[in-house]
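For reference, the structure discussed in these notes is given below.
Start at 1 and go down the list; that is how both ligands and their atoms are numbered. Since the model is a prediction, treat every value here as computed from it, not as a measurement.
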Amino acid sequence: MKELEERIRRDGIVKPGNVLKVDAFLNHQCDVKLFDQMGREWARLFAGKQIDKILTIEASGIGIACVAARHFGDVPVVFAKKAQSINLDGDQYVTKVYSFTKQREFPVIVSKRFLNPGEHVLLIDDFLANGKAMEGLIELCHEAGVVVEGIGIAIEKGFQDGGAKLREAGYDLQSLAIVDSMNPDTGAITFREA
Ligand SMILES: O=P(O)(O)OC[C@H]1O[C@H](OP(=O)(O)OP(=O)(O)O)[C@H](O)[C@@H]1O
Ligand SMILES: O=c1[nH]c(=O)c2nc[nH]c2[nH]1
């Protein structure tokens, strides 16, 4: 998606350790107009699919998923929580996921009330790197008996293996920008051609 690539070039900062910092518009300060354009693009890419619900994972997926939902008929957005809470009651689907930016494992929890067998779900997130977050959500979806209709990612880092694994597994993965290389010394970023 041209607008997202341009924004990454303008405001993205390449850090050592395969980290692309896009906190000026994507995952700290949020450019809601850009989120809206992203939601419209996912709606185009997943047109014709039955989407009953959007599932994401806290924290950075939440805002993007909520804006995207406006383009999918205002379907509910469920986000997996990364901590137990007294507000989480009843039966839960639980797994564990290694967090790329926090560099430790977190529980990933969704209340069973919010994933119903037979529902068709779209997974949305801001980043795809090694695929750990998506693998965790997919595991919960399988446990719940819901159908994963597709995966919408804002920025895929194509030089990490999450995207390849998901495509090989047959998922309809639509990443709006795929970074093929990035250089922390020069700041140069190359994108995969659509
Ligand atoms: O493909 P992966 O290797 O799983 O990386 C992608 C995940 O990493 C980030 O989550 P993280 O927990 O780092 O940060 P967040 O809490 O800001 O979402 C991002 O939001 C994705 O969920
Ligand atoms: O801000 C971020 N930059 C990244 O490179 C990344 N990879 C996974 N999650 C990420 N979040």
Ligand 1 atoms in contact with [X] (distance to a heavy atom under 4.0 Å):
{"X": "L128", "answer": "1 (O)"}
{"X": "S99", "answer": "11 (P), 12 (O), 13 (O)"}
{"X": "T101", "answer": "11 (P), 13 (O), 14 (O)"}

Nearest protein heavy atom with distance in Å, relative to [atom]:
{"atom": "atom 7 (N) of ligand 2", "answer": "K157 NZ, 2.7 Å"}
{"atom": "atom 8 (O) of ligand 1", "answer": "F100 CB, 3.7 Å"}
{"atom": "atom 3 (O) of ligand 1", "answer": "N130 N, 2.9 Å"}

Give the single entry among [options] that approaches [atom] most closely by any heavy atom.
{"atom": "atom 17 (O) of ligand 1", "options": "G163, G61, S60, A59", "value": "S60"}
{"atom": "atom 19 (C) of ligand 1", "options": "N18, N27, D126", "value": "D126"}
{"atom": "atom 10 (O) of ligand 1", "options": "K82, K102, K132", "value": "K82"}

task = For atom CZ of R9, decide whether the heavy atoms of other residues, nucleotides or ligands shown that lie under 6.0 angstrom number more than 12.
result =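 Yes, enclosed.
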Quick check: does [X] get an N/O under 3.5 Å from an N/O on ligand 1?
{"X": "M134", "result": "no"}
{"X": "G131", "result": "yes"}
{"X": "A133", "result": "yes"}

message = Less than 4.5 Å apart, side chain to side chain, heavy atoms only: is that true for F191 and I8?
response = yes
query = L173 versus E156: any side-chain heavy-atom pair under 4.5 Å?
reply = yes
ask   = Does ligand 2 have a heavy atom under 4.0 Å from the side chain of T101, from its backbone, from both, or from neither?
value = side chain
ask   = Mind checking whether L20 has an N or O less than 3.5 Å away from an N or O of ligand 2?
value =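 Yes; at least one N/O pair falls below 3.5 Å.
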inquiry  = Is there a polar contact between ligand 2 and N27, counting only N or O atoms under 3.5 Å apart?
reply    =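 Indeed, backbone or side chain, N27 has an N or O that close.
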inquiry  = At less than 4.0 angstrom from any non-hydrogen atom of N18, what atoms of ligand 2 do you find?
reply    = 5 (O)
key: Ion pair check, E41 and R44, cut-off under 4.0 Å   = yes
task = Decide side-chain contact (heavy atoms from CB on, under 4.5 Å) for L26 and F35; before the verdict, give the C-alpha distance in whole Å, the side-chain angles of both, and the deciding distance to 0.1 Å.
result = CA-CA 8 Å; L26 194 69; F35 286 14; 3.9 Å; yes
inquiry  = My question is simple, although I want it checked carefully: is atom 6 (C) of ligand 1 less than 4.0 angstrom from any protein heavy atom?
reply    = yes
message = When you compare the side chains of D172 and Q174, does any donor N or O come within less than 3.5 Å of an acceptor on the partner?
response =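 Indeed, the side chains of D172 and Q174 share at least one donor-acceptor pair under 3.5 Å.
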task = Determine the minimum heavy-atom distance between V77 and A65, stating which atoms define it.
result =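 Heavy-atom minimum between the residues: CG2-O, 3.6 Å.
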ask   = Which one holds for D125 and ligand 1: side chain close, backbone close, both close, or neither close, with close meaning a heavy atom under 4.0 Å?
value =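 It is the side chain that touches ligand 1; the backbone stays farther off.
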request  = Answer with yes or no whether L26 contacts ligand 2, where contact means a heavy atom under 4.0 Å from a ligand atom.
outcome  =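 No, L26 has no heavy atom closer than 4.0 Å to ligand 2.
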